[in-house]
4 protein chains.
Amino acid sequence: MGKNVKSTKKSNEKYMKIVDAAAKVFREKGYKEATLEDIANEVGMLKGSLYYYIDKKEDLLYSVVERPLNEMTENLNKIISTSDSPTLKLEKALINHINGFEHYQSELFVWISIEWFKSEFGGEIASLGDEIDRMFRKIIIEGIEKKEFRPDLDPKLITFAIFGVFNYMQRWYSPNNGYTFQEISVQFNKFVLQGIMNKVLL
Amino acid sequence: MGKNVKSTKKSNEKYMKIVDAAAKVFREKGYKEATLEDIANEVGMLKGSLYYYIDKKEDLLYSVVERPLNEMTENLNKIISTSDSPTLKLEKALINHINGFEHYQSELFVWISIEWFKSEFGGEIASLGDEIDRMFRKIIIEGIEKKEFRPDLDPKLITFAIFGVFNYMQRWYSPNNGYTFQEISVQFNKFVLQGIMNKVLL
Amino acid sequence: MGKNVKSTKKSNEKYMKIVDAAAKVFREKGYKEATLEDIANEVGMLKGSLYYYIDKKEDLLYSVVERPLNEMTENLNKIISTSDSPTLKLEKALINHINGFEHYQSELFVWISIEWFKSEFGGEIASLGDEIDRMFRKIIIEGIEKKEFRPDLDPKLITFAIFGVFNYMQRWYSPNNGYTFQEISVQFNKFVLQGIMNKVLL
Amino acid sequence: MGKNVKSTKKSNEKYMKIVDAAAKVFREKGYKEATLEDIANEVGMLKGSLYYYIDKKEDLLYSVVERPLNEMTENLNKIISTSDSPTLKLEKALINHINGFEHYQSELFVWISIEWFKSEFGGEIASLGDEIDRMFRKIIIEGIEKKEFRPDLDPKLITFAIFGVFNYMQRWYSPNNGYTFQEISVQFNKFVLQGIMNKVLL
DNA sequence: GATGAATGAGCATTCATTCAT
DNA sequence: CATGAATGAATGCTCATTCAT
């Protein structure tokens, strides 16, 4: 479980530091462009030393992305299993998404940037993403069934559209471009919700 | 014009083939991961031979992206300079966007994927993208002024949102996942337009 | 100091070995013609491994040439700052020059051969050479002023002539062509000193 | 005869142009650094086209250097076969040397710069140089025998010294550094002649 | 636990050379 | 005669990975 990562070391405090460094460096340079030396420097050790904690570079990618995705998934799970209206669920899910970005900025932006490599990076990372996908879709479908959301929209496509709105942030978001996560959240939610809402309810 | 590309050769049919091959390979592997050998193989020549046509790898990137982006920009220019209503302009702009994707799938998906490198790939490619950005934003602003679009939305953020909806396609679109560009276009347009529309007009 | 050479490693014994190997190979093949593989082979490692010690090939050139040149410059400095007569100073300077060749044969012959590249190898190496030039010229000028050297000779040209006599050794000197550095030194000094001497003193 | 150079083409006017271009480019960049493309550009043709005239790059080197060296050798021959005094012969030989530089600047500076490669570039070029060497040495020896030159100087070494004085020009000479060949000739001759002269005659 | 050192495979780029047209 | 196109071998450099100490 957890790939080939030397599991005893995984809990280690030092390993956490390494993963944090990896997240930062991956975010700044991209996974492929980031070198193990970059990461090692960030932690203050030598690249060779990293191999006490990992088996291969890819391990770090997985570790970076694992926890944030699991947390988001858990939260989403809680959200969809309530008796809230689909509209409220969607709103909560979107807020959860932005909150995720706020807390795990580097980690999740790294995740978004590597969806690219899905085929290349075996199942594990990909399936964490698919899970999130599936849950969003579930909300959409429920909303359509309950006539809260427009019936003329394809749930799969609309899920992609919503992910697009939010995940594209990885491209343009910067702490110094003038928008807080709060503001973005409010605006994007209004946009998405009105876009998906069944006209009769507007 | 056109960077350092050996200019006499540019018009050449063979050079076109190489650029097409590059588009394909860049799309499949990403710019950095694609090797000149990959591209050469695709064309059926040796990697060294490519240098008869190019000066450096980056030339290919620019060539791949240049024409599609220029065409899209031209079209957008025509669209925004009509006397159409902002709503119609936006719709046309979005259709133009998808049409671009349909005709220059690999090329534009490559473009989207390298926005990443903005800083790295100096002005030229980046500025072509910025131009498109600016024109979309212009439509949005005009729509708000004319009360067709919601006044509570920030034009800059909403432009990002719309780009997100469409450009994120580069992540999930595949000719065999069951959706035609037509279908996607119709659905995304409905979603975006309703999302941005001033409620009183709905 | 010392360009980009990874500084912690510089003191290292192995790095010395590499520089020595580089000196030998540069001397034999010339800087451009010498490959990093040649140098690596000489040390008994792989070319990639060299990059643990250097950042680029040029580092090696600088390292090869740095110490000998600095030593020669220091010595020259001491020589010109004594109260010796210009004639004695010149003699000492010439002996110092040959001694340099004797101790740092490959290194200084490499230096001579790359003066070629002055423009290419920015200031650092070039300026070490210019320093030596300047100090010789100073002796010549002093000698002319004190009427020990011929007043009809241009100090700049005569410095070139003297450098020619000695530095041209890089072209023909070989340990097995029958002359010791001692012999060469004696002969060249006699030739140069008589050539430059004010006739009235002869 | 004349290496592998396609001999019919050698007399050709166009071939002359190519050789001149090669001389210029070799002088500016050095033999190894000069590319056939550089040379072709200089003539206004394509690098592939050069191969109608040559078999390999080295042919050009030989052609560049051949005529000037032959002329110098001939002149030297005439000089040494007169009944002039050794002193006068030496003076004439030195003037001939500078005249050569003046007329065939690029060509002879190229020659000097490749003495390096003696071993690499088979016998032909090297032997032309050796011939010149031998003739100078002959003058020196004659001068010593006739007591015009110092008897304590080794003829071989002193020949090297003299070559050094003059050939080192290739390193520092530039048409815009303020000295004419005339001036240099006068100065260097005075220096060399006084340096070599038997004291009793001074 | 960590370091220092080395490996080896890979990649962009250069360039002399070839050759059909 | 000359061109355009292609070749292929070589070279500097990068970097994930290994491993003895």
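To find a chain, count down the sequence lines: A is the first, B the second, and so on, and within it residues start at 1. Fair warning: this is a prediction, and the values are worked out from it, not measured in the lab. Every heavy atom of this structure was used, including side-chain atoms; hydrogens, water molecules and symmetry mates were not.
Distance check: C:T35 OG1 to C:K29 NZ gives 6.0 Å after rounding to the nearest 0.5 Å. The CE atom of C:M45 sits 10.0 Å away from atom OH of C:Y52, with the distance rounded to the nearest 0.5 Å. Rounded to the nearest 0.5 angstrom, D:K17 NZ and D:K14 NZ are separated by 6.0 Å. We find the CG-CD distance between C:D20 and C:E42 to be 10.0 Å, quoted to the nearest 0.5 Å.
Look at CG on A:N41: it is 12 Å from P on F:dA16, rounded to the nearest Å. In this structure, CG of A:L46 is placed 15 Å from C1' of F:dC15, rounded to the nearest angstrom. The separation between D:D59 atom CG and E:dT17 atom C1' is 12 Å, rounded to whole Å. Rounded to whole Å, atom C1' of F:dA5 lies 10 Å from atom CD1 of B:I18. Rounding to whole angstrom units, CD of residue D:E13 and P of F:dC1 are separated by 11 Å. Rounded to whole angstrom, the span from the NZ atom of A:K32 across to the P atom of E:dC11 amounts to 10 Å. Nucleotide E:dA16 holds its P atom 11 Å from the NZ atom of D:K29, rounded to whole Å. For the pair B:L36 CG and E:dC11 C1', the computed distance is 8 Å after rounding to whole Å.
In this structure, C:N12 reaches the E:dA5 phosphate: one of its side-chain N or O atoms is under 4.0 Å from OP1 or OP2. Within the structure, every side-chain polar atom (N or O) of C:Y52 is placed at least 4.0 Å from both OP1 and OP2 of E:dT7. At the phosphate of F:dC13, OP1 or OP2 sits under 4.0 Å from a side-chain N or O atom of C:Y51.
Counting only heavy atoms from C-beta on, B:Y53 has its side chain closest to F:dA6 among F:dT14, F:dA6, F:dG4. Closest to the side chain of A:K57, from the set F:dG8, F:dT17, E:dT17, is F:dT17. Ranking F:dG12, F:dA6, E:dA2 by closeness to the B:K14 side chain, first place goes to F:dA6. Ranking F:dT17, F:dT11, F:dC13 by closeness to the C:T35 side chain, first place goes to F:dT11.
A 3.5 Å limit on both hydrogen-bonding distances identifies F:dA2 as the Watson-Crick or G-U partner of E:dT21. Pair assignment for E:dA9: F:dT14, on the basis of Watson-Crick or G-U wobble contacts that are both within less than 3.5 Å.
With DNA chain F read from its 5' end, the first of the two nearest nucleotides for D:M45 and C:A34 is the one closest to D:M45. Residues A:G44 and B:D38 each lie close to DNA chain E; by heavy-atom proximity, the contact nearer the 5' end of the strand is made by A:G44. Summary of the strand contacts: B:K47 and A:G48 both lie near DNA chain F, and taking for each the nucleotide with the nearest heavy atom, the more 5' one is attributed to B:K47.
Residue contacts for B:S49: at a heavy-atom cut-off of 4.0 Å it reaches a base atom on one of the strands shown.
A cation-pi arrangement is present between A:K57 and A:Y31, with the terminal nitrogen or guanidinium carbon under 6.0 Å from the aromatic centre and inside a 45° cone about the axis.
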- [ ] Please test A:W111 against A:E66 for side-chain contact (heavy atoms from CB on, under 4.5 Å), starting from the C-alpha separation and ending with a verdict.
- [x] CA-CA 9 Å; A:W111 167 62; A:E66 191 186 17; over 6 Å; no
